[in-house]
Amino acid sequence: FLLCFLMIRRPPRSTLFPYTTLFRSYVSGVIMSKVIRDTSMLHPLLVLSLRKIKRDVIDKYKMPFALFETGRTHERQQMLISKGRTHAPVSKHVFNLESTPPLYAIAADIVYFDGRWSWNIRDTSIKSWYILLGNISLDVCPELKWGGMNRKSTNYTHFELRELIIRQNLDKYPCIL
């Protein structure tokens, strides 16, 4: 039995961890698998809020977080639905800058990052970081909603503009509500 076990060869890393290569390439600046970190498709008021969070929360308190995903293509949203990672057929991350007028995404995800990305809120240490980030961010940016505001939600990475702010600015910045 021991001899048999020793003869089993470990599959290549890319087979074991299909997303490892994606994130390694992604962190180095190559966008793969349609994960987007570019803020140009975001509602301009959301961009300002994210900059405040970065400066007044993440940097100030030396929190291990980074902007993970801003806009999403329709194809990426469908892929996330098919893998059970989201249930919303229409995402607030979806944008279309080709339309007239352009439609801005109104949400972004800020994810725990300590050298690798983690959404693991079962880890109480990581969950505590998410809760701290969310609560301080809402104090700094009351124009935002945070996915962890609702005790039933587990979407601690999600930040979006409040509907009232969006409605007040629809003439300047059209977007999907």
Side-chain angles (χ1 to χ4, degrees), residues 17-20 22-23 26-27 31-39 41-59 61 63-96 103-167 173 175-177:
F17 305 104
Y19 296 106
T20 305
L22 161 71
F23 292 141
Y26 182 69
V27 172
I31 298 173
M32 297 178 70
S33 188
K34 299 179 184 164
V35 173
I36 302 171
R37 291 178 76 187
D38 181 7
T39 59
M41 75 282 306
L42 292 178
H43 193 291
L45 297 175
L46 179 58
V47 172
L48 293 175
S49 296
L50 292 172
R51 286 182 185 152
K52 280 196 285 187
I53 290 173
K54 172 89 170 87
R55 181 189 66 231
D56 299 343
V57 182
I58 295 171
D59 291 346
Y61 297 106
M63 292 183 159
F65 287 94
L67 184 62
F68 179 75
E69 185 170 38
T70 54
R72 253 182 220 162
T73 62
H74 178 71
E75 293 78 19
R76 176 154 169 79
Q77 183 69 10
Q78 293 305 310
M79 185 268 303
L80 290 171
I81 290 170
S82 72
K83 291 188 176 201
R85 298 211 177 117
T86 187
H87 304 290
V90 178
S91 171
K92 295 184 179 187
H93 289 272
V94 174
F95 66 96
N96 184 354
L103 297 174
Y104 293 104
I106 58 171
D109 290 341
I110 299 174
V111 176
Y112 183 90
F113 183 75
D114 64 353
R116 63 185 184 95
W117 301 102
S118 180
W119 292 258
N120 183 9
I121 59 170
R122 289 187 201 121
D123 178 324
T124 55
S125 172
I126 292 174
K127 184 176 182 179
S128 296
W129 275 111
Y130 273 115
I131 291 169
L132 188 62
L133 171 72
N135 287 320
I136 296 173
S137 295
L138 292 180
D139 287 342
V140 171
C141 301
E143 67 277 10
L144 294 180
K145 288 194 312 188
W146 168 55
M149 286 171 54
N150 178 346
R151 291 195 185 272
K152 294 178 186 175
S153 174
T154 57
N155 196 357
Y156 289 90
T157 66
H158 185 83
F159 289 85
E160 70 180 68
L161 280 175
R162 292 184 180 275
E163 191 171 329
L164 177 64
I165 302 296
I166 296 165
R167 289 193 187 284
Y173 311 115
C175 56
I176 301 168
L177 287 175

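If you're wondering where the values come from, they're calculated on a predicted model, not measured in any experiment. Count residues from 1 along the sequence.
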With a 4.5 Å limit on heavy-atom distance, are the side chains of E143 and L161 in contact? yes
Does a side-chain heavy-atom distance below 4.5 Å link Q78 with L80? no
Please evaluate residues V47 and T70 with respect to the criterion side chain to side chain contact (heavy atoms under 4.5 Å, CB included), reporting the C-alpha separation (whole Å), side-chain torsions for both, the decisive distance (0.1 Å), and the verdict. CA-CA 10 Å; V47 172; T70 54; over 6 Å; no
State, with a plain yes or no, whether a side-chain heavy atom of L132 is found less than 4.5 Å away from one of F65. no
Please name all residues satisfying side chain to side chain donor-acceptor pair (under 3.5 Å) with D59, sequence neighbours left out, ordered by chain then number. K54
Where do M149 and K145 come nearest, in terms of heavy atoms and distance? SD-CA, 3.7 Å
Return the NE2 to NZ distance between H43 and K92, rounded to the nearest 0.5 Å. 12.5 Å
The reported gap from CD in E69 to CG in D38 (rounded to nearest 0.5 angstrom) is 12.5 Å
Show your reasoning for whether side chain to side chain contact (heavy atoms under 4.5 Å, CB included) applies to I136 and M63. CA-CA 11 Å; I136 296 173; M63 292 183 159; 3.9 Å; yes
Quick check for you: to the nearest 0.5 Å, what is the distance between I53 atom CD1 and L67 atom CG? 9.5 Å
When you measure from the side chain of Y156 to the backbone of I131, do you find a donor-acceptor pair of N or O atoms at a distance under 3.5 Å? no
Give me the atom names and distance for the closest heavy-atom approach of Y61 to D56. CE1-O, 3.7 Å
When rounded to the nearest 0.5 angstrom, what distance separates OG1 in T39 from CG in L46? 9.0 Å
Check against side chain to side chain contact (heavy atoms under 4.5 Å, CB included), D139 and V57: CA-CA 10 Å; D139 287 342; V57 182; over 6 Å; no
Between OH on residue Y130 and CG on residue N155, distance to nearest 0.5 Å: 9.5 Å
With the side chain counted from C-beta on, respond yes when W129 and P64 share a heavy-atom pair under 4.5 Å apart, and no when they do not. yes
Looking at V111, is its backbone amide N or carbonyl O close enough to the side chain of T157 to form a donor-acceptor pair, meaning the two atoms are under 3.5 Å apart? no
For the residue pair C141 and S49, what are the closest heavy atoms and their distance? SG-O, 3.5 Å
Going by side-chain contact (heavy atoms from CB on, under 4.5 Å), Y173 matches just one of I165, L45, L42. Which one? L45
Which heavy atom of P142 sits nearest a heavy atom of R162, and at what distance? O-NE, 2.8 Å
Do the side chains of I126 and D114 get nearer than 4.5 Å, heavy atoms only? no
Pair F159, L133 - check side chain to side chain contact (heavy atoms under 4.5 Å, CB included), show working. CA-CA 11 Å; F159 289 85; L133 171 72; 4.2 Å; yes
Could you give the distance from CE (M79) to NZ (K83), rounded to the nearest 0.5 Å? 5.5 Å
